[in-house]
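Heads up: the structure comes next, in structure tokens.
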Amino acid sequence: MEYRPTEWDARAQQLWRDLNVYRADFPSDRNPFYVLDMFPYPSGAGLHVGHPLGYIASDIVSRFKRHQGFNVLHPMGFDAFGLPAEQYAIQTGQHPAVTTEVNIERYREQLNRLGLGFDWNREVQTCDPDYYRWTQWVFIQLFGAWYNKQSERAEPIETLVAHLNARGTEGLNAACHGEPQCTAAEWAAMDAAQREALLQHFRLAYRSESLVNWCPALGTVLANDEVVNGLSERGGHPVVQKPMLQWSMRISAFAQRLLDGLDDLNWSDSIKETQRHWIGRSQGARIRFTVLAGEVGEVGKVGEVGKAGQGANDPMSSGANEPTSQRTNEPMGGANVLEVFSTRPDTIFGATFMVVAPEHPMLGEWTTEAQRAEVEAYCERAARRSERDRQADTKTVSGVFTGTYVEHPFTGAPIPVWTSDYVLMGYGTGAVMAVPGHDSRDHALAKAMGLPIVQVVASNEPVDVQAEAYEAKSGRAMASEFLDGLATVEAIDRAISELESRGLGERTVQYRLRDAVFGRQRYWGEPIPIAYRDGVPEALPVDELPLKLPAVDKYLPTEDGEPPLARAERWVSAEGLPLETTTMPGWAGSSWYFLRYMDPKNTNAPVDRSAADYWGQVDLYVGGSEHATGHLLYSRFWTHALHDLGHIGFREPFKRLVNQGMIQGISAFVHRIEGTQTVVSAELAGQYSTQKLHVDVSLVNERNEVDRDSLSTWMPSWAGTEFIPSEGPIKVEREVEKMSKSKYNVVNPDALADQYGADAVRLFEMFLGPIEQSKPWDTQGMSGVVGFLKKSVRLMEKRHDGAASADELRILHQLIDKLQRDVETLSFNTSVSAMMIAVNAWSGIPQLAQSTLRDFAVLLEPFAPHTAEALWAELGGEGSVVLAPYPALNPEYLVKDSINYPVQFNGKTRFQLEMPASASAAEVESAVMAHEKTAHFLEGRSPKKVIVVPGRIVNVVG
RNA sequence: GCCCAGGUGGCGGAAUUGGUAGACGCGCACGACUCAAACUCGUGUUCCCCUGGAGUGCGGGUUCGAUUCCCGCCCUGGGCACCA
């Protein structure tokens with residue numbers, strides 16, 4: 001039998017299609033197993049060898065579980081809404097759906113070329129109206145829900161309305177923004193618009209005026225996870241903070257549950273830690289300081305502000321993006337009270353000034369006339385700076401005195417109020433009590449402005465708080481009246497109790513997690529299914545879904561800066577109401593797609609409850625770690641909410657998560673003398689003033705030599721290139737970098753599959769190393785796995801119809817044992833090596849039984865399914881090897897009857913001693929002592945101690 | 001700065017609960033086959049001052065025994081970054 005990989009690839013793939021072997025059944029009596037890959041965004045560049053790393057691993061698990069009799073769900077789809085297709089549309093006028101479809105077609109071909117066993121009957125595309133109909137449906141569910149902190153779950157908005165009818169906001173414990181409140185009587189008196197304005201503060205999908213990340217270059221707002229170092233994740237454009245009326249998702253309501261849920265998930269520590277940080281729970285207290293009246297400017301219009309909650313443009317939305325407060329009923333106190341959050345209330349006696357964020361809504365009120373010009377100038381400067389600028393110089397401190405003072409709650413001393421941009425409006429209350437003695441940032445401002453620094457925590461080591469803040473939480477309170485002598489932890493507790501008893505503050509938990517901005521001023525996304533009746537948002541009736549993307553003449557904003565959907569001719573609901581013009585962000589469709597695979601054709605619901613109950617959580621989810629704070633958090637949030645609302649029976653979507661590492665490219669550079677067309681071989685480059693330029697890796701051979709002719713004809717700009725030396729090889733320089741089109745280091749998996757066969761690519765990617773690890777792609781090693789496949793095929797020449805020998809069975813069962821253990825940890829590099837060891841061992845046996853070879857074909861199948869299929873056919877197997885049962889492990893063949901003991905003297909291995917496995921420790925010891933070499937290594941000493949670990953090792957100490 | 005992961009031959013990497021460090025593969029060297037080359041097969045391949053010694057980033061420690069456990073440091077990759 002000759003090894004013919006490309007021929008076998010085609011034949012096996014045809015057989016799989018004919019027999020529909022990857023079909024997942026429902027209903028079914030078999031046990032379900034759900035293996036999921038993060039579905040790709042179909043970009044124009046196609047797949048490179050890095051993408052399939054995770055797909056191959058999950059494919060191996062799927063195939064393995066199928067052999068073991070599980071009903072395996074292993075689907076694939078496309079995350080098809082996104083910016084690149086839209087940018088291309090803006091440039092060319094081509095509808096994004098067209099480019100997207102072309103790209104999807106190419107992706108599907110590339111995935112199939114590698115023999116990945118997906119159930120394509122269940123494919124989903126997020127841009128398909130039959131799919132996004134249900135994304136819109138989920139949005140409507142969230143719009144129609146609120147989070148009840150009493151029951152700790154999301155509930156239909158009707159239960160909130162019932163509460164408001166009965167008692168107003170009294171006794172209500174809900175996740176919300178701002179300080180919405182009303183009595184039952186006030187609620188009863190409100191008109192529809194006023195009621196909706198109030199409800200918006202509670203809905204899980206809501207609209208509010210808030211500070212958002214605005215990216216002028218992309219013309220859209222972005223979520224926090226889409227902004228990296230003050231630049232947009234896509235495209236790297238500057239991002240600024242800007243207040244806008246926007247749709248948001250109240251993910252902050254689920255902060256504690258998203259935190260707690262991590263404990264039971266089988267995910268990597270680093271992803272869990274990343275999420276914990278992103279959620280950022282901190283415990284402390286809210287503390288209220290009374291603003292000293294004499295100093296307050298324009299006190300007149302104060303009182304009304306805090307009582308808002310009525311009217312469509314209510315003023316209480318100003319702090320909308322701040323995480324929800326523990327309380328809902330206490331008034332913020334308007335300009336009379338300055339409220340801060342602190343994790344160190346024990347240091348309150350060290351608070352020598354207050355700092356509020358430049359965006360703080362009360363700042364204007366608190367600024368005295370004398371200071372007004374200076375404060376306004378400062379705020380304007382802070383607003384103009386982009387996030388990036390603000391982050392760039394965290395070293396320089398700046399701030400301005402407002403002219404106002406607050407009263408210290410315990411000492412009654414006046415404390416000056418400052419504003420500085422190191423205090424963020426988006427966290428806590430947007431104000432802090434500055435304790436320069438024990439907080440480095442407060443310390444920096446105090447130093448710069450000459451404000452007093454007081455020590456209120458004593459340490460065992462000598463500390464000088466004038467020089468540096470003492471921030472450790474291990475110390476005892478001092479100069480703090482009733483707190484003196486208490487250890488920090490106790491002092492915090494005591495300080496909070498004291499504040500609570502005086503009604504000046506309370507214990508609270510603060511989260512860093514912000515609500516997620518949900519609207520995008522873009523075309524290529526799901527339309528938000530909201531219509532406006534007299535300016536009041538209402539959800540479309542579910543039976544009007546899908547709300548399809550309208551045709552537009554251009555994919556750009558309108559002249560007035562409205563999103564592209566405003567260009568549509570009649571963008572109104574069935575009832576004729578104007579529709580929302582922003583679309584959903586990229587993460588909407590990917591937040592629930594794993595549910596749709598369970599029931600992809602359902603026209604009555606996103607997923608039938610019975611299908612969701614049968615398949616349950618994803619057993620294994622494989623994908624990149626770059627989604628740690630985006631997709632992986634949002635999809636958890638939606639799953640929790642859908643669970644609470646009764647649509648599915650589990651809270652957490654992904655039981656186990658494995659992050660595959662990145663495959664890096666090995667870029668090639670030539671040295672070109674600056675300002676010339678002359679290329680210098682790398683070893684001579686030091687003699688010239690050269691620049692390093694990327695060249696395509698396909699122009700370079702294994703000896704790192706670039707071909708002159710192909711370089712000259714590679715691109716027009718390289719025509720007429722001259723070379724030094726003029727004869728002989730031209731060397732390139734190599735460097736490991738991220739694999740990317742622009743670095744010309746991309747290797748395509750389908751091209752490799754055409755050259756070596758799909759199985760060689762699969763095996764090689766797995767053999768490269770542990771799945772989670774990043775590693776450079778080096779095709780040189782390919783010959784190793786090709787050799788293994790050829791050797792495997794050559795075993796067929798040894799086959800006979802008789803019974804299998806004990807030797808060959810021992811090899812077989814050791815392999816089964818190893819493979820079964822490896823699949824649990826996805827340790828497929830060692831699986832490949834174990835198969836190599838087995839094949840090498842069988843190669844040394846003159847004859848092999850047909851049954852052994854058949855079993856081997858099944859063991860090989862998850863890794864190299866095409867070759868296994870060819871072997872299976874040759875061995876007379878029925879149907880497809882994909883559906884064959886896994887060979888049962890017979891542990892008898894794993895038992896060894898003798899053990900080769902390494903014998904150590906003082907920890908150094910000196911010789912081996914073969915002993916029967918049944919030998920006792922005493923027998924082993926006497927055998928060692930009787931051994932001729934023992935006397936030599938003891939050099940006349942008598943052993944102090946002989947350690948015998950049965951079955952393992954002997955160590956003679958002496 | 002804080003948090004997480006990692007550091008083993010020329011290279012990718014392997015090593016159950018602490019128990020023969022370097023499996024498997026690449027590369028390299030030598031040999032067989034061949035007129036020759038490719039393919040294939042075989043042998044060797046951690047290093048050194050080689051009857052021995054050293055050795056898993058560095059320095060200590062625990063242990064009969066440490067890649068594995070503990071303490072301190074260095075480096076690499078990733079995450080967060082004025083979060084009060």
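Order of the sequence lines fixes the chain letters, A, B, ..., with proteins taken first and strands second; residue numbering starts at 1 for each chain. Predicted model only: the values in this text are computed from it and were never measured.
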A/R794 (side chain) and B/U40 (base): donor-acceptor pair under 3.5 Å: no
Quiz item: A/Q912 side-chain donor-acceptor pair to B/U20 base, under 3.5 Å: yes
Syn or anti for B/C50 (syn when the glycosidic angle lies within 90° of 0): syn
Anti or syn - B/G9, cut at 90° from 0: syn
Pair partner, [N] [Watson-Crick or wobble, under 3.5 Å]:
N: B/G19; result: B/C64
N: B/G72; result: B/C58
N: B/C80; result: B/G1
N: B/C47; result: B/G53
N: B/G31; result: B/C41

CA sep, side-chain torsions, deciding dist, call: A/W278, A/Y511, ring-ring contact (aromatic ring centres under 6.0 Å, His included): CA-CA 9 Å; A/W278 192 260; A/Y511 301 92; over 10 Å; no
Are [X] and [N] close enough that a side-chain N or O sits under 4.0 Å from OP1 or OP2?
X: A/N906; N: B/G65; answer: no
X: A/Q773; N: B/G13; answer: yes
X: A/K945; N: B/C64; answer: yes
X: A/R512; N: B/A81; answer: yes
X: A/R910; N: B/U20; answer: no
X: A/N955; N: B/U20; answer: no
X: A/S270; N: B/C3; answer: no

Taking only the [atom1] atom of each, what is the distance from [N] to [M] in whole angstrom?
N: B/A84; M: B/A66; atom1: C1'; answer: 44 Å
N: B/U51; M: B/C58; atom1: C1'; answer: 33 Å
N: B/G9; M: B/G59; atom1: C1'; answer: 24 Å

Shortest non-hydrogen contact from A/T419 toward A/T402: N-CG2, 4.3 Å
Nearest-nucleotide 5' precedence on RNA chain B, A/N900 against A/D269: A/D269
5' precedence on RNA chain B between A/S833 and A/M782 (nearest-nucleotide basis): A/S833
Whole-Å gap separating C1' (B/G13) and CZ (A/F764): 12 Å
Nearest-Å distance for atom pair CG/C1', residues A/L763 and B/G25: 12 Å
4.5 Å side-chain heavy-atom contact, A/W777 and A/Q664: no
Shortest side-chain distance from A/T343, nucleotide among B/A84, B/G13, B/G27: B/A84
A/S783, nearest nucleotide to its side chain (from B/A84, B/G13, B/C26): B/C26
Distance (rounded to the nearest 0.5 Å) between A/L789 CG and A/M835 CE: 8.5 Å
Qualifying residue for ring-ring contact (aromatic ring centres under 6.0 Å, His included) with A/H931, from A/F905, A/F911, A/Y901: A/F911
